[in-house]
Amino acid sequence: LEAAEAAGKEEARRKAEEEEEAIQRRATAQKEAEEVAARRREAETEEAKRAELEAAEAAGKEEARRKAEEEEEAIQRRATAQKEAEEVAARRREAETEEAKRAELEAAEAA
């Protein structure tokens, strides 16, 4: 009877140890899974920040390109306006010269 009781106690102790080990394994696995999830979230956050930064840089480059295009267009418009103004001035001078010649000729004829 004592031997049977001792064997039963030993079996109960062994089962308790096995259950405690299983609990520890589950706790360790849970902790590892949480750490992996935390690292994954951190990596996703970093990737999102990197993507955001790249998007901001791309937007900045696009804005700079657009501004450069606008400036180039403005330069072209100013150059065209300048050329047109010079052509108008040249035609005005030519007309004034023709008018002066005509007036001279008329004065010479009148004299």
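Heavy-atom basis, side chains included; hydrogens, waters and symmetry copies ignored.
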Item to check | Atom CD of Glu52: over 12 foreign heavy atoms under 6.0 Å | outcome: no
Checklist entry - Residues in side chain to side chain donor-acceptor pair (under 3.5 Å) with Glu72, at least two apart? => result Gln76
Item to check | side-chain hydrogen bond (donor to acceptor under 3.5 Å, both in side chains) partners of residues 31-45, not counting sequence neighbours, each pair once | outcome: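 Sorted pair list: Gln30-Glu34.
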Partner residues of [X] under the salt bridge (Lys or Arg N to Asp or Glu O under 4.0 Å) criterion, sequence neighbours left out:
{"X": "Arg26", "result": "Glu19"}
{"X": "Glu62", "result": "Arg65"}
{"X": "Glu99", "result": "Arg102"}

Next on the checklist: Going by the rule side-chain contact (heavy atoms from CB on, under 4.5 Å), which residues pair with Glu11 if we only count those two or more places apart in sequence or in a different chain?
Outcome noted: Arg14, Lys15
